[in-house]
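These notes are about the structure you will find just below.
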Amino acid sequence: KQIYEVNDSLEQLQLKKALDTLYAWIDSLQNWQLKEQLIETESTYKSMLNYFAGGTEDPQQEKVYTALFRSAYKLSDMVRAQIELKNSSSYYLDKKRMLLHHPVAPDLKTLTSYLEEIASRQALNSLLAETNSQTLHLKKESEEVIKNIFDYIWLSDHLSVADKGNIMSFLSSQMSPLTGQCLIISALTLSLLEFFDESKIELLLDNCKHPNEEIRQRAIVGTLLVLKQYDGRLYLYPEFQNRLRELSEERFFIKSIENIIRQFILSKDTERITRKINEEILPEMMKISPILSKKIKLDDLMSDSGMEEKNPEWKDIIEESGLSNKLQEFSELQMEGADVMHSSFAHLKSFPFFNDISNWFLPFTVSHSEFMTLSGKPEFNELSTMVLDSSILCNSDKYSFYLSMKQMPESIRTMVSGQFSSETSAIKEMQKTELPDPEKNIHNITNQYIRDLYRFFKLHPRRMEFYDIFEDKKEFFQAKKIQNLIINHADLQVIGEYYFSKSHYSEALEIFDILLQKEPDNAVLYQKRAYCKQMNGLIKEALEDYLSAESLHPSNSWTIKKIASCYRILKMPENSLIYYRKAEQHNPDNLSVQLNIGHCFLELKNYTEALKCYFKVEYLDKDGSKAWRPIAWCAFLTGKYQQALDYYNRILSLNPDVHDYLNMGHTYLAMKNIKQAVICYKKSVTQLSNSYKKFLELFLTDLPDIMNTGINQVNISLVLDLIQYELDLKEK
């Protein structure tokens, strides 16, 4: 934590404070090389300060100042790395120590050269039609080298000039395997999340324009994560800012950023979706299953006459259960790109395959050595087509699926393949009729890669030892460098609207703040910002924005109703009534508006006017039940007890709650019918899980209204004691 405080000091431009803290830590490490670098940095800073104090004009001051801060950040990084390497037992540092102490750990040049050699041997084998065992051996060898390249990059603090050159060559070569190229981008990203390295950032930026879409999208995802993580120090690197400025002129880059941010916003709902599937959809399906089995009547189905006819009752069962709406919501989420498969594959990450961290990010390929034994089998080929083309499953889940299939007996695999074959054919036919959609393809690639990242940070056995990028409180748009990229009004609004549509109101609120600074006369932006504030419980602030929206667009009935609602919540019924009356002019027969006008009169204790409104609602409403409760209560408050009782008896035919029995008891009490009052009060206690204490709290809240009926304090006490005695008797 103290090391991170060094970075905080640097972000606040407190260089001396940061250097003083570093001295203490470097002394404890007894590292003379770091100490020497620190002394040199401080010496340069003191010289610069002397020039500054003497009033001497120094044209190099800004350049020197920037270099000093870069140096201080690097020292902070190295000190943290030294301390963690010495004391931490995290997965990342365990792997790092193993690599450092490996007696013959190969360098990157050796690894990439060896991979090229294997590729040549594989090509030769293919021409000579060598045996499967030789092909499998070379395949495994190639995968092992790619894994080692991944580890080398992931575990390195800084890349040498030679390493950077080797990676650039590998990523630009058409002979390099795509899986290896993709994994290098992921390794660069994961490594940068652990340790800042200019060379790795440059490599990510280089590949944001890579001709291969898979590599390009991974590079843009990595770039955004890095821009967010190191937002506080990237201003020290104008060369990066220039590169980003160039990229921002490419429309594909900005569209990719929008898409990536949308996918990360969607990922916020993954756990909620998982809970919904596990706690609502699946249990409902299990409940329906035995009912359907009775309704279906298997004997009838097997007869020739009714073989193809579906039972109309099945749909009714699903509709009545409420499952239909849940399934519809599930389908819509899936169409939108939400991660609906996470729950299905969460328990399929324990295969040895996932012991290698690189395999969590490996692009899916059916030619992986794990599946060589299945290759050529009909059921495997059928499944290959289906899974490979699936945009719903991410790479990690596809591997989980295949590894599960591999463990099944051949007969089961054949059966599963048969079940999928017709759907696969239908998908193929549908794809033939569809025009190629490059944007959809990009969306699918990004979506799958972000899900791969999600699986790793949420499901890896040692996930707690990694900083979870999906739990980061900082949003992408809050990073200055990213905000500069999407500063265009339309681009930022797209992201704001997406937060808004997904009910992430705090984040949407920030974006609407920014947009309103540029467009202060936009009534819709005021409306949406007001709604965000309202949903965050900031009613007074929401009211101010709703009033601003109304001043810009006075005739908007939605805004008027929202203003009225806010005034009611703020206990200002006079103001609320004014705006509900305005809303009434737009729609005089709106039941909600009439009810709220009645509520305002009720709060103003104008019961006569309140009743007029409630009777109008009763007349306009189909069954009139919406107004029964307020009519009954107003009748009670105005001494029309028989009328109140008539309405409470109607309410009992609905679904009466604790307040209905309580208010009915008050009415009987006012009519001096103590016996019936006690019966109603006891039912109210029953509704409160037999808690007399909770009942008493509600009763005392209504005490002033009860006493206004002429019932004195003594009689009220007698009634309460009578209730308690009867409850005690019931318990005995």
Parallel, tilted or perpendicular for Y546 and W558, by the 30°/60° rule?
-> perpendicular
Closest non-hydrogen contact found for I257 with I486 is CG2-CG2, 3.9 Å
Answer yes or no: is there a side-chain heavy-atom contact under 4.5 Å between Q585 and V593?
-> no
Aromatic contact, Y531 with F500 (centres under 6.0 Å) | yes
Look at the side chain of N673 and the backbone N and O of Q676, then say whether any donor-acceptor pair between them is shorter than 3.5 Å.
-> yes
With D545, the salt bridge (charged side-chain N to carboxylate O under 4.0 Å, His left out) member among K540, K533, K528 = K533
Does any non-hydrogen side-chain atom of N556 lie less than 4.5 Å from one of I560?
-> no
Crowding at NZ, K458 (>12 non-hydrogen neighbours, <6.0 Å) | yes
For I260 and I450, work out which heavy atoms get closest and say how close.
-> O-CD1, 3.9 Å
Are any side-chain N or O atoms of R629 and backbone N or O atoms of H659, one a donor and one an acceptor, separated by less than 3.5 Å?
-> no
Look up atom CG in L552 and atom CG in L547, then write down how far apart they are to the nearest 0.5 Å.
-> 11.0 Å
F470, CZ: over 12 other non-hydrogen atoms inside 6.0 angstrom = yes
Between F264 and F476, is the ring centre distance below 6.0 Å?
-> yes
Could you tell me whether K474 atom NZ has more than 12 heavy atoms of other residues or ligands within 6.0 Å of it?
-> yes
Answer yes or no: are there more than 12 heavy-atom neighbours, outside K480 itself, under 6.0 Å from its atom NZ?
-> no
Is there a donor-acceptor pair closer than 3.5 Å between any side-chain N or O of Y567 and the backbone N or O of P573?
-> no
What is the minimum heavy-atom distance between A549 and A523, and which atoms define it?
-> CB-O, 3.7 Å
Decide yes or no on side-chain contact (heavy atoms from CB on, under 4.5 Å) for R262 and V494, but give the supporting numbers first.
-> CA-CA 9 Å; R262 279 202 298 268; V494 166; 3.6 Å; yes
What is the distance from atom CH2 of W633 to atom OG1 of T638, rounded to the nearest 0.5 Å?
-> 11.0 Å
Do the ring centers of F601 and Y607 come within less than 6.0 Å of each other?
-> no
Closest non-hydrogen contact found for A508 with G496 is CB-O, 3.9 Å
Measure across L543 and I563 and return the closest heavy-atom pair with its distance rounded to 0.1 Å.
-> CD1-CG2, 3.8 Å
Among pairs that include at least one residue of residues 570-579, which meet side-chain hydrogen bond (donor to acceptor under 3.5 Å, both in side chains), considering only residues two or more places apart or in two chains?
-> E550-Y579
Working to the nearest 0.5 Å, report the span between OH of Y641 and OG1 of T667.
-> 8.5 Å
Expected output: side-chain S684 to main-chain C680 donor-acceptor under 3.5 Å | no
Can you list the residues that meet the salt bridge (Lys or Arg N to Asp or Glu O under 4.0 Å) rule with R650, with sequence neighbours excluded?
-> E618
Whether R463 side chain and H460 backbone form a donor-acceptor pair below 3.5 Å = yes
Quick one: are S396 and Y454 in side-chain contact, heavy atoms under 4.5 Å?
-> no
Would you say the side chain of H443 lies within less than 4.5 Å of the side chain of Q263, judging by non-hydrogen atoms?
-> yes
Side-chain donor/acceptor pairs under 3.5 Å, residues 696-707, sequence neighbours excluded:
unit_1, atom_1, unit_2, atom_2, d
T701, OG1, E697, O, 2.8
D702, OD2, H666, NE2, 3.0

Give a yes or no answer on whether the side chain of S565 reaches the backbone of K561 with a donor-acceptor pair at less than 3.5 Å.
-> no
Side chains of P630 and L595 in contact at under 4.5 Å (non-hydrogen atoms) = yes
Show your working on side-chain contact (heavy atoms from CB on, under 4.5 Å) between D397 and H342 and close with a plain yes or no.
-> CA-CA 8 Å; D397 289 351; H342 178 69; over 6 Å; no
CG of N596 to CG of L602, rounded to nearest 0.5 Å, is 11.5 Å
Spacing of N663 atom CG and L645 atom CG [to the nearest 0.5 Å] | 12.0 Å
Stepwise, does the side chain to side chain donor-acceptor pair (under 3.5 Å) test hold for Q517 with D513?
-> CA-CA 7 Å; Q517 289 171 19; D513 279 339; over 6 Å; no
For the pair H586 and S555, evaluate side-chain contact (heavy atoms from CB on, under 4.5 Å) and give the outcome as yes or no after the intermediate values.
-> CA-CA 9 Å; H586 289 279; S555 61; 4.3 Å; yes
Without swapping roles, check the side chain of Y614 against the backbone of H599 for a donor-acceptor pair under 3.5 Å.
-> yes
Give a yes or no on whether the backbone of S267 and the side-chain of D339 come within a donor-acceptor separation of less than 3.5 Å.
-> no
K268, NZ atom: more than 12 neighbouring heavy atoms under 6.0 Å = yes
Check whether any side-chain heavy atom of Y681 sits under 4.5 Å from a side-chain heavy atom of L669, and report yes or no.
-> yes
Sequence neighbours left out, cut at 3.5 Å: what donor-acceptor pairs do the side chains of residues 712-721 make with other protein atoms?
unit_1, atom_1, unit_2, atom_2, d
N712, OD1, V714, N, 3.2
N712, OD1, N715, N, 2.8
S717, OG, Q713, O, 3.1

Shortest non-hydrogen contact from C394 toward R451 | CB-CB, 3.6 Å
Does K626 NZ have over 12 foreign heavy atoms under 6.0 Å away?
-> no
NZ of K612 to CG of N606: how many Å apart, nearest 0.5 Å?
-> 8.5 Å
Output, in order, the C-alpha distance, side-chain angles, deciding distance and verdict of salt bridge (charged side-chain N to carboxylate O under 4.0 Å, His left out) for D472 and K228.
-> CA-CA 10 Å; D472 192 352; K228 183 168 70 161; 3.6 Å; yes
Begin from the C-alpha positions of Q483 and Q478 and carry the test side-chain contact (heavy atoms from CB on, under 4.5 Å) through to its verdict.
-> CA-CA 7 Å; Q483 201 176 106; Q478 292 169 332; 5.6 Å; no
Q448: what forms a side chain to side chain donor-acceptor pair (under 3.5 Å) with it, not counting sequence neighbours?
-> none
So do L654 and S625 actually touch side chain to side chain, heavy atoms under 4.5 Å?
-> yes
By side chain to side chain donor-acceptor pair (under 3.5 Å), Y499 pairs with (sequence neighbours left out) E475
Where the side chain of D621 meets the backbone of V617, is there a donor-acceptor pair that is under 3.5 Å apart?
-> no
Evaluate the side-chain proximity of Q643 to F636: yes if any heavy-atom separation is below 4.5 Å, no if none is.
-> no
Is it true that the side chains of Q594 and N590 contain a donor and an acceptor less than 3.5 Å apart?
-> no
Mark yes or no for whether K683, through its side chain, and V658, through its backbone, hold a donor-acceptor pair below 3.5 Å.
-> no
